[in-house]
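Chain identifiers are assigned alphabetically (A, B, ...) following the order of the sequence lines, protein sequences preceding nucleic acid strands; residue numbering begins at 1 within each chain.
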There are 2 protein chains.
Amino acid sequence: MTDGGDIGGGARKLARGEGVALWRQITQQMEREISGGQYGPGARLPTEAELAERFDVNRHTVRRAMEELEGRGLVRIEQGRGSFVAEDVVDYRLGPRTRFSENIRRQNREPGGRILRVEEMPAEAQLADLLGMRRGRPVVVVERLSLVDGRPLLIGTHHFPASRFGRIPDLLKENPSITAALVACGVPDYRRKVTRITARLPTAEESELLQQSRNRPVLVSEAVNVDPAGEVVDVTIARYAAGRMQMVVES
Amino acid sequence: MTDGGDIGGGARKLARGEGVALWRQITQQMEREISGGQYGPGARLPTEAELAERFDVNRHTVRRAMEELEGRGLVRIEQGRGSFVAEDVVDYRLGPRTRFSENIRRQNREPGGRILRVEEMPAEAQLADLLGMRRGRPVVVVERLSLVDGRPLLIGTHHFPASRFGRIPDLLKENPSITAALVACGVPDYRRKVTRITARLPTAEESELLQQSRNRPVLVSEAVNVDPAGEVVDVTIARYAAGRMQMVVES
DNA sequence: TTGCCAAATTCATCTAGACGACTAGTTATC
DNA sequence: GATAACTAGTCGTCTAGATGAATTTGGCAA
């Protein structure tokens, strides 16, 4: 065995004062061990205190490394329980006719969800432009948390022109399905016209609702939906727990 | 004015010991001030030391808050210089015939790039399946950093079956255009068949190449490209600096 | 057995201080 | 005038220690 290193899983000496931060070296080492199969998916990792001792650094330094791994999607950290190797992702198809429930059921998983918020408010400039309506005219905003097998996957915020869809709040009280509410408003079908996608870290509220760590990004999609006549039905902004899904675009 | 608070922009007292972490409260306050226009896009924010004094907390607490804002895309932190309010994003169209250069030029921006790595290696299981070839057979791997107006936007890793595209390494020495190399290999045209998108924090190397903070996520896309006959040409994995672009999917 | 409480474990936050690394501007030197 | 050396300002990393919050465990009482 070479200079104090123990490739089999023991402590490998960190290089101090050589330009590479200690926490980065710990990140790399843990990454090697996880992808090398030292710990299987879902397995529990040593505690921060143990790792700190093993690498002979302060616990804060280990924490910095673990936070990095969590953000990269390799581990999941739970307060009071420990750290675990990450697992499982859902495929989420993004097509012109994407409907959440069908999408999920196609993968033999159980869709679910609940309405978080329904309100009417004036349209801001950018939103009004996308909806093709005048600024300040009322829009109905519906926010929904969608689940897969009981785990939150996305937060969707829908914006409908109130002139045409003012009945939606009442309809949703009867039946929480947005698609059904649209049918009742005379929109039997709609399709996605354009989608913009980016990613960022979640706000405190988002990470709370999605039950996802602050370090894991959210995929943010902004979609414009139109009815068969090409009329804009709504603008939806959805935030997906990136750690739990992969968006699939077919073309 | 109420209990020591100065809504106009001065120090607002933080609530200690009430269940909300101090760094979160600082995040919120700074967010309010930035989105409220206290600081314009690109403007320099107070130093960490100044903020620490203003909020009456340790500098580390301010740092935690600023890292959060950076990850969310609101600010940009530069060592030795300071922190600045974030700006500008590029639209990146993702369609069946997406070509990087055209895509960028359409927005009156200047595309650029350089080849990072070219090598031949055996195909791993998953990759071989996607390419429709046997495991372990050689693939040509080309890694390229693509720039917009001189700023890195994405790292693309292309995987070609070596049987058909073994000449690519030599061709790229003449002309660094991948599209041109494919033409020379008898593939005048190709299109994107399916794309999978997710997001995660970047590795050290990725954040280095993309010149993007460790806290800003990368959008990761995996695309399968096929020629007009439907034969798989390559599998490309691209990592985009999420802070500098929005992916646009039209359907 | 069930339910509850207390202790132990483990991660989360905050403070305090030191030093390193990078930037930008100033001064000294050739 | 150009260049090098220095300096102040600012962010980055690391240590050390204290306290809080969430979870698990084990024992005791009903």
Side-chain angles (χ1 to χ4, degrees), chain A residues 13-30 43-71 75-86 201-202 204 207-208 211-216, chain B residues 13-30 43-71 75-86 201-202 204 207-208 211-216:
Chain A
K13 279 252 169 50
L14 302 183
R16 280 175 189 260
E18 291 186 17
V20 182
L22 297 178
W23 67 263
R24 278 186 181 293
Q25 297 180 53
I26 296 172
T27 295
Q28 283 173 20
Q29 177 61 27
M30 293 306 292
R44 184 174 175 182
L45 296 172
T47 67
E48 294 176 351
E50 283 165 357
L51 289 173
E53 189 179 9
R54 166 179 160 191
F55 288 111
D56 195 23
V57 296
N58 193 277
R59 186 169 73 93
H60 289 110
T61 308
V62 168
R63 274 181 68 71
R64 184 66 188 87
M66 296 302 284
E67 280 173 5
E68 170 89 0
L69 289 174
E70 181 174 55
V75 311
R76 169 172 45 86
I77 304 175
E78 296 184 32
Q79 182 174 357
R81 307 219 315 127
S83 302
F84 306 84
V85 177
L201 289 186
S207 74
E208 167 77 20
Q211 286 175 30
Q212 196 188 235
S213 152
R214 286 188 300 281
N215 297 319
R216 298 301 297 275
Chain B
K13 278 252 171 55
L14 302 182
R16 282 176 187 259
E18 291 187 17
V20 183
L22 297 179
W23 67 263
R24 277 186 182 292
Q25 298 180 54
I26 296 172
T27 296
Q28 284 174 18
Q29 178 60 26
M30 293 306 293
R44 183 172 176 182
L45 296 172
T47 68
E48 294 174 353
E50 284 166 355
L51 289 173
E53 189 179 9
R54 168 180 159 191
F55 289 112
D56 194 23
V57 297
N58 194 277
R59 184 167 75 96
H60 289 110
T61 308
V62 168
R63 275 181 67 71
R64 182 68 188 86
M66 295 303 283
E67 280 173 5
E68 171 90 359
L69 289 175
E70 183 174 53
V75 311
R76 168 173 45 86
I77 304 175
E78 295 185 33
Q79 183 174 359
R81 305 217 318 125
S83 302
F84 306 84
V85 177
L201 289 187
S207 73
E208 168 77 20
Q211 286 176 31
Q212 195 188 236
S213 152
R214 286 189 302 281
N215 297 319
R216 297 301 296 274

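- For A:His60, counting side-chain heavy atoms from C-beta on, the closest listed nucleotide (D:dT10, C:dT10, D:dG17) is D:dG17.
- Rounding to whole angstrom units, CD of residue A:Glu68 and C1' of D:dT13 are separated by 14 Å.
- The nearest whole Å value for the distance from the CG atom in A:Asn58 to the P atom in C:dC14 is 17 Å.
- Where A:Gly19 and B:Val20 each meet DNA chain C at their nearest nucleotide, the meeting point lying more 5' is that of B:Val20.
- Of the residues in residues 21-28 of chain A, A:Ala21, A:Leu22, A:Trp23 come within less than 4.0 Å of DNA chain D through at least one heavy atom, sorted by number.
- Using modelled atom types, one finds no donor on one side chain facing an acceptor on the other under 3.5 Å when comparing A:Glu68 with A:Thr27.
- One interatomic measurement links the two molecules: CE of A:Met66 to P of C:dA12, which rounds to 10 Å at whole-angstrom precision.
- Each of C:dA12, D:dC14, D:dT13 was ranked by its minimum atom distance to the side chain of A:Thr61; first place goes to D:dC14.
- Rounding to whole angstrom units, CD1 of residue B:Ile77 and P of C:dC22 are separated by 17 Å.
- Listed for the A:Gln25 side chain is a donor-acceptor partner under 3.5 Å among the backbone atoms of A:Ala15.
- Nearest-nucleotide positions on DNA chain D place A:Asp56 closer to the 5' end than the other of A:Arg81 and A:Asp56.
- Applying the 6.0 Å contact sphere to CG of B:Asp56 captures no more than 12 heavy atoms from other residues, nucleotides or ligands.
- For A:Glu70 and C:dA12, the CD to C1' distance is 12 Å, given to the nearest whole Å.
- A 4.5 Å side-chain heavy-atom check between B:Leu22 and B:Arg16 finds at least one atom pair inside the cut-off.
- Note: CD (A:Glu67) to P (D:dG12) measures 15 Å, nearest angstrom.
- Comparing atom distances between the B:Arg63 side chain and each of D:dG12, C:dC11, D:dT10 picks out D:dG12 as nearest.
- Neither OP1 nor OP2 of D:dC11 sits under 4.0 Å from any side-chain N or O of B:Arg59.
- One cannot find a donor-acceptor pair under 3.5 Å joining the base of C:dA12 and the side-chain atoms of A:Gln79.
- Between B:Leu51 and B:Met66, some side-chain heavy-atom pair lies under the 4.5 Å cut-off.
- Here the side chains of A:Val85 and A:Leu45 are in contact, with some heavy-atom distance below 4.5 Å.
- A:Arg64 comes within 4.0 angstrom of nothing in the nucleic acid, heavy atoms only.
- The nearest whole Å value for the distance from the CD atom in B:Glu50 to the P atom in D:dG9 is 11 Å.
- One can place CD of A:Glu78 at 14 Å from C1' of D:dA21, the figure rounded to the nearest angstrom.
- In the displayed structure, A:Glu208 atom CD is contacted under 6.0 Å by at most 12 heavy atoms of other residues, nucleotides or ligands.
- With a 6.0 Å radius and a threshold of 12 heavy atoms from other residues, nucleotides or ligands, A:Glu53 has its CD atom at or below the threshold.
- Here C:dC11 is the nucleotide among D:dC11, C:dC11, C:dT13 with the atom lying nearest to any side-chain atom of A:Glu48.
- For the OP1/OP2 pair of C:dT13 and a distance below 4.0 Å, the side-chain nitrogens and oxygens of A:Arg214 include at least one atom meeting the criterion.
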